Amino acid sequence: MQDNVQKTIQRTTLKSLIELGSNGHFPLFMTDWLKEYFNSDLNTPASKIQNRKIKELFRTLERYETLERKRIFMLSLECEDRFLLIREFFSQVEDYILNKSPELQ
C-alpha cells in the first residue's frame with residue numbers, strides 16, 4: 001500500500017505540470033532556461049516543421065514518469081528544442097487557464 005502511494009506521488013503527468021503552471025509553479029524548467037527563453041525573440045508562430053518537432057518532443061517527454069527523468073530529458077535537449085517545448089507548454093497553460101475561467105476571454 002505504501003509503495004503504491006509513493007509511486008503515485010512520484011509519477012508526474014503533463015496534465016499535473018500544466019495545472020501547477022496555471023498557479024505559477026514550473027518545476028520542469030530551470031530558472032535559467034526561463035530567463036533565456038523570455039529574453040529571446042521567439043514570439044513568432046511555430047512553423048509546420050516546428051509543430052511536428054514539438055509533438056515528437058512532447059510524446060517523448062510523456063514517456064518519462066518522474067519529474068527527475070523529465071528534467072533529465074530537458075537537460076539533454078538543444079536550446080532551440082527546449083525553447084520550443086517551453087513555448088508550447090506556456091501555450092497549454094494559457095489554454096488551461098482560459099478554459100477554466102471563460103470570463104477571462
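The shown structure was predicted, so the numbers you read here are calculated from the model rather than taken from an experiment. We're numbering straight along the sequence, starting at 1.
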side-chain contact (heavy atoms from CB on, under 4.5 Å) partner of Leu85, chosen from Leu77, Leu28, Thr60: Leu77

Residues in side-chain contact (heavy atoms from CB on, under 4.5 Å) contact with Lys55, at least two apart in sequence or another chain: Arg59

Euclidean distance, Glu62 CD relative to Lys15 NZ, rounded to 0.5 Å: 12.5 Å

Over 12 non-hydrogen atoms of neighbours within 6.0 angstrom of CG in Leu75: yes

Nearest-0.5 Å distance that lies between atom CE in Met74 and atom CH2 in Trp33: 5.0 Å

Shared hydrophobic cluster for Leu57 and Ile72 (ILVMFWY, side-chain gaps under 4.5 Å): no

Exercise: identify the closest heavy-atom pair between Ala46 and Ile54: CB-CD1, 4.4 Å

Glu94: side-chain contact (heavy atoms from CB on, under 4.5 Å) partners, not counting sequence neighbours: Leu98

Residue list, salt bridge (charged side-chain N to carboxylate O under 4.0 Å, His left out) with Asp81, at least two apart or on another chain: Lys53

CD1 on Ile86 to OG on Ser91, rounded to 0.5 Å: 13.5 Å

Atom pair CG (Asn99) and OG (Ser22), whose distance is rounded to the nearest 0.5 Å: 11.5 Å

Distance (rounded to the nearest 0.5 Å) between Leu61 CG and Leu17 CG: 7.5 Å

Aromatic ring pairing Tyr37/Phe90, orientation class (parallel under 30°, perpendicular over 60°, tilted between): parallel

